[in-house]
Amino acid sequence: MSHFTQPTEYVGRPARRVDALDKVMGRAKYIADYRVPGMLHARCLRSTLPHARIVRLDVTPALKVPGVRAVITSEDFVDHGLYGFPVKDKYMLAYQKVRYVGEPIAAVAADTPQAALAGVQAIVCELEPLPALFDAERALDPDAPQVGPDRTDGRHPNLKSDHMLVCKGDAESELADCPIVLDRRYFTDWQEHAYIEPEGVLAIPTPEGGILVYAPNQSPFINQGNLAMTLGLPHNLVRVIQPTVGGSFGGKDDIIYESSAQVAKLALITGRPVRMVFSREESLVASYKRDAMHMHIRLGADRDGTLRACWFRGILDSGAYASETPFTAWRASIHAMGAYRYKACDVDVYCVYTNNGYAGAFRGFGNPEVCFAVEQTVDELADMLGIDPIDLRLKNCLRLGDETAHGQKLTESMGLVECLTTVRRISDWDRKRAEYSRQTDTDKRRGIGVAIMYHGMSLGAEGADYAGATIAVLPDYSVDLTSGLTDYGTGSRTVFTLIAAEELGVRPERIRIQRPDTNTAIESGPTVASRTTVLGGNAMRAAARNLRQTLDLAAADLLRCDPQQLIRVGEAYVGPDEEAVAWEKIVDHAREMGLILSAHGKWEAPKIVWDHHHGRGTPYMAYVYGAQVAEVEVNMRTGSTQVLHIWAVHDIGKVIFPQGAYGQLYGGITQGLGYALIEQISYRNGYIQETNFESYLIPTSVDVPEITAQFVESAYSYGPYGAKNIAEPSLVPTAPAIANAIAHATGRRVRELPMNLERVLLGHDLQPPASTKPAQIALSIAPRSMPQPAGQSVVRHAAATNGRRS
Amino acid sequence: MLIQLTVNGETIAVEAPPDITLLDLLRDYLNLTGTKEGCAVGECGACSVIMDGRLVNSCLVLAPQADGSEIVTIEGIHAPDGGPNDLQQNFIDYGAVQCGICIPGMIMAGEALLMHNPHPTRQEIRMALAGNLCRCTGYQQIVDAIEATAKQRQGEMG
Ligand code: FES
Ligand code: FES
């Protein structure tokens, strides 16, 4: 395709993030920064039991608390506020039962945050404990306590998803025939998104009886749909705007939809704006996490290291509600065997209900879990056979023209081998691998490890895959964009701006992209699955091309030539008489001609087919690939692991916004490093033990080493300019690369995440005593202060100096 | 109680309860919302401000403790024309910003470091940022931006 080789003016060139200026000046407004006259403050009563029946819920005492304006329960929603996709199993406020510690039961709106808390404490709520389920591996036992909703199909009510299968040939007999078989079990623990901005939502009732919601969700249209459904409003009376979002990583979907419905209802009842902002403690207790996953893998190979068969079983502990975990389980199943060729493959993954919080979407979506298992097993095979781990991977990894275990032929955009060979070279792999293999120092040992990954692009067989965008020239000659896909820190607003600039031939500074708004943007499916650059980018490209056609016609008319004769010099149009005409003049002329200077674009992903029953087909339109190498130093006395350096080479197709792509890669690797070594959410008898950053540790600037990153731009014909995607895949191989480096350093495998001191040193856990306290304290933390009406009680004196630095 | 302090060069007297924090005072009473709250227990650094020349977590300072002090917040960091100063511009140019919620705190930490150590190594920059959590960037481009600013400021002085 010719357009890949055409030089670009803006795409792929150095550019600045469109929203960076407001952010560095401290001007960007997040929900907690909003202040609206008459605004009430909302707070939830949350469950302090992991599983219980609500036997009495009386909110009238709360209504008597001074300052309290309204209290709602599940009775205030249509169908008790039942929502959820793909499984409708959660209520906007608990109905009849609570299934995890932190589940919201009632919501109070009051004049001050303090009054809202007093209201919450005044609610009479009697909970009768029910037998609870904490062990995912026993969830389907006949006598396991029932957590999931009743089912009529005779299957176990704790089975949350179907069995997700991938089947190729007869894996059992192939394994029986293999001279080498590794049989291993792995476990990955819960992970918290830990966006630095806790959850918050603001709802404002509108004069026509509708509701305007500012919500830092990923997918405003899903929120709008849930609100319309549970509030009983027509869609056109529900408007959702996404303000600046302080990080999400998959985490601001369901929890924000739920908070949105609560504040929206309270706003409709009181006729006043209502805002709810979580404390960090409430965020940790109430929000969904990355699932914990129990994995069992059997890998068969020949003595020369040729992989032959993979058998994989996975159970996702995804807690009390489905959220998006059935999709997570599916993505996990597709990637469970890793990016390798096999003769036979047998994968079965499913998720179950328990009373351990709940799990939902989190960057990587099942792939980081399974990659940890398969990449360590492959590494162990290399060790056993005395083959270099990179050589073993090069021998077996997917290449152009290969067929995946699912039956998908890889016909283009395949850069995995180049990722591996590049990462080998830039990390000085061969020298270090040899040197560290000879170490005799017993106190501090170094190791170097590798992991590879592939990751299916966009939704795949999860659902309809399309996006829309709009573009318009405004009276001041600026260009206005909307996209139905959103930017919660990822950089997609800049990607869209660069694409529009490229197609239209105007400078990015002329372009402004609106905040996502269900009233102005085109519904584009969810902003998930790293699909924004490809889906939204193609839609934006189509929109800009449509507008460009109109402007080209105007230019041809003004310059009296064929559109084909036009050339562009900077923004200006030049016709056959070689005189440059400013872009503004062309816009004016188009308007004089009566042409409409707005357009929209739509893009739909190529159709794919997946047979769920037989585990065969084309799960995704294409894949991104990557290889990472980690170098570590393990203190053999304490078990502490310092990551010294990470090299990452990823094939993400054409890079559109380089600075943003590198940032995504660095950030993803950092989350992967935390996942590998320190991040742990522990539910003990259903009670979360980590309720703030002093106990839930995420990597700081001194935990993260320098990262050397590089991209392989193996163009994808359906991607805009050949682009693929980066957000999720960046973190997928990090934990297994570190695990393999630890094994290289210590000679021991750690098969559980996180690889904390005791697991690295002793090979087992030292469990601190479980406590219900952190969660209980977290739920009763009192607000200290509240927003004051502007200007009140403040005396200002003339500024002595203005600005600190000159 | 009446609390008097200087904020971004402006002398201010404000009536506020004695049990609120400096962070609350800035955000709720002075409407300076550029300073963020990420944890309220001194672990994340989103609330970083410079108090009498030292970087502090404003969520750990009681408002009365700030009485008589001189505070600089993100709203007080800018070039003379009100635009971004060199450090802020480098955050933009080096791609140090993603979601942005940690960025005001990072800029305060960067300014505080460069005040006391104009020639920091990358490792010293990392040490200076160790109290400021960022979940998006992996810190690398933030370190790049501060390092570049230090070099430029040295050049200007030399
Ligand atoms: S809010 Fe002050 S350190 Fe986190
Ligand atoms: S940019 Fe998002 S937390 Fe730092």
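What's counted below: heavy atoms across the whole structure, side chains too, no hydrogens, waters or symmetry copies.
- No other option in B:R122, B:K36, B:Q141 has as many heavy-atom pairs under 4.5 Å with chain A as B:Q141.
- In this structure the side chain of B:I101 reaches within 4.5 angstrom of the side chain of A:Y30, judged on heavy atoms.
- Contact of A:I707 with chain B is made through backbone and side chain together, with heavy-atom distances under 4.5 Å.
- Under the 4.5 Å side-chain criterion, counting only non-hydrogen atoms from C-beta, A:Y666 is not in contact with B:T137.
- Remark: side-chain polar atoms of B:Q88 are paired, donor with acceptor, to backbone N or O of A:V24 under 3.5 angstrom.
- For the pair A:R27 and B:E75, the minimum side-chain heavy-atom distance is 4.5 Å or more.
- In this structure the side chain of B:Q140 reaches within 4.5 angstrom of the side chain of A:E706, judged on heavy atoms.
- Annotation: side chain to side chain donor-acceptor pair (under 3.5 Å) contacts of B:D67 (sequence neighbours excluded): none.
- Proximity to chain B involves both the backbone and the side chain of A:A194, based on heavy atoms less than 4.5 angstrom apart.
- With a threshold of 4.5 angstrom between heavy atoms, B:Q89 approaches chain A through side-chain atoms but not through N, CA, C or O.
- Annotation: the span from A:F693 atom CZ to B:R135 atom CZ amounts to 7.5 Å, rounded to 0.5 Å.
- A 4.5 Å side-chain heavy-atom check between B:C99 and A:E197 finds every atom pair outside the cut-off.
- Judged as a ring pair (Phe, Tyr, Trp, His ring centres under 6.0 Å), and not counting sequence neighbours, B:H116 has no contacts.
- A distance of 7.0 Å separates SG in B:C44 from CZ in A:R280, rounded to the nearest 0.5 Å.
- Taking A:T670, A:D33, A:L284 one by one and counting their heavy-atom pairs under 4.5 Å with chain B, the maximum is reached by A:D33.
- Chain A forms more heavy-atom pairs under 4.5 Å with one residue of B:G82, B:P104, B:P84 than with any other, namely B:P84.
- In this structure, the portions of B:I92 lying under 4.5 Å from any heavy atom of chain A include both its backbone and its side chain.
- No donor-acceptor distance shorter than 3.5 angstrom exists from the side chain of A:R16 to the backbone of B:G95, with no hydrogens or angles considered.
- Contacts of residues 698-705 of chain A with chain B at a heavy-atom distance below 4.5 Å involve A:I698, A:P699, A:T700, A:S701, A:V702, A:V704, A:P705, listed in sequence order.
- A heavy-atom distance below 4.5 Å is not found between the side chains of A:Y195 and B:C136.
- Of the possible polar contacts, none joining the A:K23 side chain to the B:V97 backbone as a donor-acceptor pair under 3.5 Å is found.
- Proximity to chain B is limited to the side chain of A:T244, based on heavy atoms less than 4.5 angstrom apart.
- Among all heavy-atom pairs drawn from B:G83 and A:M25, the shortest one is O-CE, 3.5 Å.
- Within residues 657-665 of chain A, the residues approaching chain B closer than 4.5 Å by heavy atoms are, in numerical order, A:Q659, A:Y662, A:G663, A:Q664.
- Residues A:K29 and B:T33 approach most closely at NZ-OG1, 3.2 Å, considering heavy atoms.
- Counting heavy atoms from C-beta on, the side chains of B:N31 and A:R35 come closer than 4.5 Å.
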